[in-house]
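Worksheet: one structure, shown below.
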Number of protein chains: 2
Amino acid sequence: MSAHTTTRGNDADLAENTNGAQRLHTTELANEIEFLTARARSLGSGRANNMLAELDLKVRSYSVLSLACSGQNPSQRELADFLSLDPSQIVALVDQLEHRGAVARETDPRDRRSKVIVATTAGRSLYKRAEAIIRRSEDQSLSTLSLQERETLRDLLKRIAF
Amino acid sequence: MSAHTTTRGNDADLAENTNGAQRLHTTELANEIEFLTARARSLGSGRANNMLAELDLKVRSYSVLSLACSGQNPSQRELADFLSLDPSQIVALVDQLEHRGAVARETDPRDRRSKVIVATTAGRSLYKRAEAIIRRSEDQSLSTLSLQERETLRDLLKRIAF
DNA sequence: CGTATATCATTGAAAAAGTCAACAGTATTG
DNA sequence: CAATACTGTTGACTTTTTCAATGATATACG
């Protein structure tokens, strides 16, 4: 078996193989920023979605609600651009939030085509609770980083995200 | 209109509003690491997918191919864990790569249930070309960061991704 | 040994998300 | 006024995700 290329690893690996694919951490892929970003996001949004479930929200709807509470009065088109979503997906998300009374559509008097999304009182209250959950979720996801490192990460991400 | 809360912004905003939702950059959401990570990944993998299209690959299939070329002989279960995908998705991805002759399934003699994914010669050649594309894509996506900043980002992401 | 339990790859179905074209109403341009 | 472009909306379609069930194999334990 020593020179047989189809077997994975050798006997020394067996102890390490018990808990999974730690072996792959040394891979080229595991060092690509692209991949690490995708994985970080997958873990992070997975946790956030789980925790937001108690409010019957997902990160998507939370994001829309957050922007509706921002005081910036975003239009649906702006939400679509900012969240990198198709306008039709925004329609569905706003529909849900509107049906549960968290946000309202107000047609912009300056441009009667566009509709500004604003949060209701109930919506702002919901957002407060959701925000606390998101903060806890983020805190858990970033538990291996110091506060200063989190700031560094935030700034670096901001520069590549905008 | 001055005190009308439903109008968005004031006249001073109009010049800035021409190109989109830059206004939202000051939002709370725009400062959440979670959100920035999602947006960075969306932009990055979008670009990578576009550029990989010339090889008829996506980031998903590229990731599997990359791990198949890693010399670590991963099983499908390990691929699923590492890529945060459902085992059934791995089946589909490996099927595609196998049909085009880039990888092969080899049943692990140590555990005849599991199948080790290894790259063929053609697969390694394909990976070389894909890797070059990914490198260019990543370079473009991170163009606003210095080399040292990229290293910092990579290390921070690694710590939260594993 | 034999029996129960667990794990792997696979299939198929269902739900969710993403993509795209068309439409009515409105704005902008010339 | 006419032509063009943009907004939200709908509906169809594809892709991705999620989940339960299955056969083959491995492991644990009496």
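Order of the sequence lines sets the chain letters (A, B, ...), proteins ahead of strands, with each chain counted from 1. None of these values were measured; they are calculated from a predicted model.
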Using a cut-off of under 3.5 Å, enumerate the N/O to N/O pairs linking the protein to nucleotides 10-13 of chain D.
none

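Contacts of R47(A) classified as side-chain contact (heavy atoms from CB on, under 4.5 Å), with partners at least two apart in sequence or in another chain: M51(A), S137(A), Q140(A), S141(A). Legend: residues meeting ring-ring contact (aromatic ring centres under 6.0 Å, His included) with F82(B), ordered by chain and number and at least two apart, are H25(A), F35(A), F162(B). Partners of D95(A) under the side-chain contact (heavy atoms from CB on, under 4.5 Å) rule, at least two apart in sequence or in another chain, are V91(A), E98(A), H99(A), R105(A). The salt bridge (charged side-chain N to carboxylate O under 4.0 Å, His left out) test applied to D139(B) returns R150(B), not counting sequence neighbours. Taking the salt bridge (charged side-chain N to carboxylate O under 4.0 Å, His left out) definition, one finds that R112(A) meets it with nothing, sequence neighbours left out. Every residue two or more places apart in sequence or in another chain that forms a side chain to side chain donor-acceptor pair (under 3.5 Å) with N31(B) is listed here: K158(A). Applying the side-chain contact (heavy atoms from CB on, under 4.5 Å) criterion to T26(A), with sequence neighbours excluded, gives Q72(B).
Checking side-chain atoms of T37(A) against main-chain N and O of I33(A) turns up a donor-acceptor pair under 3.5 Å. Judged purely by atom type and a 3.5 angstrom limit, E149(B) uses its side chain to pair as donor or acceptor with the backbone of S146(B). Within the 3.5 Å criterion, the main-chain N or O of Q148(B) finds a donor-acceptor partner in the side chain of T152(B). A side-chain donor-acceptor contact under 3.5 Å links T120(A) to the backbone of G101(A).
N73(A) has its CG atom 17 Å from the C1' atom of dT7(D), to the nearest Å. The distance between atom CG of L83(B) and atom P of dA9(C), rounded to the nearest whole Å, is 13 Å. Here dG8(D) presents its P atom at 9 Å from CZ of R105(A), a figure rounded to the nearest Å. Separating the CD atom of Q96(B) from the P atom of dT15(D) is a distance of 10 Å, rounded to the nearest angstrom. Rounded to an integer number of Å, the gap from L93(B) CG to dT16(D) C1' is 11 Å. Straight-line distance from the CG atom of D81(A) to the P atom of dC6(D): 12 Å, rounded to whole Å. Between R112(A) atom CZ and dG8(D) atom P there is a gap of 14 Å when expressed in whole angstrom units. Atom C1' of nucleotide dT9(D) and atom CD1 of I117(A) are separated by 13 Å, given to the nearest angstrom.
Taking five base pairs at each end of the helix from dC1(C)-dG30(D) to dG30(C)-dC1(D) and finding the rotation axis that steps the C1' atoms of four pairs onto the next four gives two axes whose angle is 30°, to the nearest 10°.
Within residues 44-66 of chain A, the residues approaching DNA chain C are K58(A), R60(A), by heavy-atom distance under 4.0 Å.
Salt bridge status for E151(B) with R154(B): present, with a side-chain N to carboxylate O gap under 4.0 Å.
Applying the ring-ring contact (aromatic ring centres under 6.0 Å, His included) rule to pairs touching residues 45-68 of chain B yields Y62(B)-Y127(B), sequence neighbours excluded.
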- [ ] Determine, for nucleotides 2-8 of chain C in 5'-to-3' order, which nucleotides have protein heavy atoms under 4.0 Å from the base (write B), from only the sugar-phosphate (write S), or from neither (write -).
- [x] ----BBS
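The shortest heavy-atom contact between L36(B) and A30(B) is CD2-O, 3.4 Å.
At dT25(D), none of the side-chain N or O atoms of R110(B) fall inside 4.0 Å of OP1 or OP2 (strictly under the cut-off).
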